[in-house]
Amino acid sequence: MGRIVVMMKRWWVLALVFTLALSLTSCTKKKSNLFGSDYGFGYCDGTMGNFDVYVIPSASNSGLFEVSIIPVQVAQEGDIVKVNVLNQGLPYKELVSQVVLQTDQEIFAGFLTEQEINTYDTIAITPYDPNQALQTDFPYQNNEKDAICSLPMPGFATGDELGTPGQKN
């Protein structure tokens, strides 16, 4: 009876090691596919919440890039926000005029051309306010809550942000 128990323990340990090895190799493949591909990824953290931002080449429209935002953690579930891309001193481009924030609910923010990807360097997630006009110095407006960060470039992963609301960098 003792031999059977020892043999079962060895098989159990062997099965555990094999399972662990498989899971580690699959994670490595996913990570290399993520950062070795044509799309950009960045973190966007601010007082509005924490977001993952993706810029993905469109599968159906050559020359276009899909902007996708995934709220990882939001300051307030149900906040209504707008999403814009901009570059200091240039007119902004509105991607989404209003969308409700829900944790882990992907926001399709629209498409950008390659020229727009090269023009705009910032993405801004700010409270929706139909009465507020957006200015070219938009990142430096005083919003109670926002998330303003670098727009990820296709083929790169970033994680920087421009600063706190109302603060010039």
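This is a predicted model, so every value here is computed, not measured.
- For the residue pair Gly42 and Pro152, the shortest heavy atom distance occurs at N-CG, 3.7 Å.
- Looking at Thr119 and Val85, their side chains never come closer than 4.5 Å, going by heavy atoms from C-beta outward.
- Under the ring pair (Phe, Tyr, Trp, His ring centres under 6.0 Å) criterion, Tyr128 pairs with no residue at all, not counting sequence neighbours.
- Of the inter-residue distances, the one linking Asn84 atom CG with Tyr120 atom OH reads 9.5 Å to the nearest 0.5 angstrom.
- Atom-to-atom distance recorded for Glu66:CD and Leu112:CG is 10.5 Å, nearest 0.5 angstrom.
- The closest side-chain heavy-atom distance from Thr47 to Asp146 is below 4.5 Å.
- The minimum heavy-atom distance between Gln73 and Thr103, with the atom names listed, is CA-OG1, 4.3 Å.
- Taking the six-membered ring for Trp and the full ring otherwise, Tyr54 and Phe51 have centroids separated by 6.0 Å or more.
- Counting heavy atoms from C-beta outward, Leu64 and Thr113 have side chains that approach closer than 4.5 Å.
- When all heavy atoms of Tyr39 and Pro57 are compared, the closest pair comes out as CB-CD, 3.7 Å.
- Within a 6.0 Å sphere centred on CD of Glu114, heavy atoms belonging to other residues, nucleotides or ligands number 12 at most.
- The two residues Pro71 and Gln105 come nearest to each other via the heavy atoms CD-O, 3.1 Å.
- For the pair Met48 and Pro127, the minimum side-chain heavy-atom distance is below 4.5 Å.
- Of all non-hydrogen atoms in Ala124 and Leu86, the two that sit nearest each other are CB-CD2, 4.0 Å.
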* To do: List the steps and the verdict of side chain to side chain contact (heavy atoms under 4.5 Å, CB included) for Val72 and Asp45.
  => CA-CA 10 Å; Val72 176; Asp45 301 330; over 6 Å; no

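- Here the CE atom belonging to Met153 is positioned 5.0 Å from the CG atom belonging to Asn118, to the nearest 0.5 angstrom.
- Two residues are said to be in side-chain contact when any heavy atoms from C-beta on lie closer than 4.5 Å; Ile69 and Ile123 meet this criterion.
- Each of Ile56 and Phe111 belongs to its own hydrophobic cluster when Ile, Leu, Val, Met, Phe, Trp and Tyr are linked at side-chain heavy-atom distances under 4.5 angstrom.
- To the nearest 0.5 Å, atoms CD1 (Ile117) and CD (Gln115) are separated by 11.5 Å.
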* Asked: Can Val67 and Leu95 be said to form a side chain to side chain contact (heavy atoms under 4.5 Å, CB included), step by step?
  -> CA-CA 9 Å; Val67 178; Leu95 295 179; 4.2 Å; yes

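- Between Val96 and Val81 there is no side-chain heavy-atom pair separated by less than 4.5 Å.
- In this structure, Asp52 has no side-chain hydrogen bond (donor to acceptor under 3.5 Å, both in side chains) partners at least two apart in sequence or on a different chain.
- When hydrophobic clusters are built by joining Ile, Leu, Val, Met, Phe, Trp and Tyr residues whose side-chain heavy atoms come closer than 4.5 Å, directly or via intermediates, Phe41 is grouped together with Ile70.
- The side-chain heavy atoms of Thr122 and Leu151, taken from C-beta on, include no pair separated by under 4.5 Å.
- The closest side-chain heavy-atom distance from Leu101 to Gln76 is not below 4.5 Å.
- Scanning all heavy atoms of the two residues, the minimum distance from Pro154 to Phe65 falls at CG-CE2, 3.5 Å.
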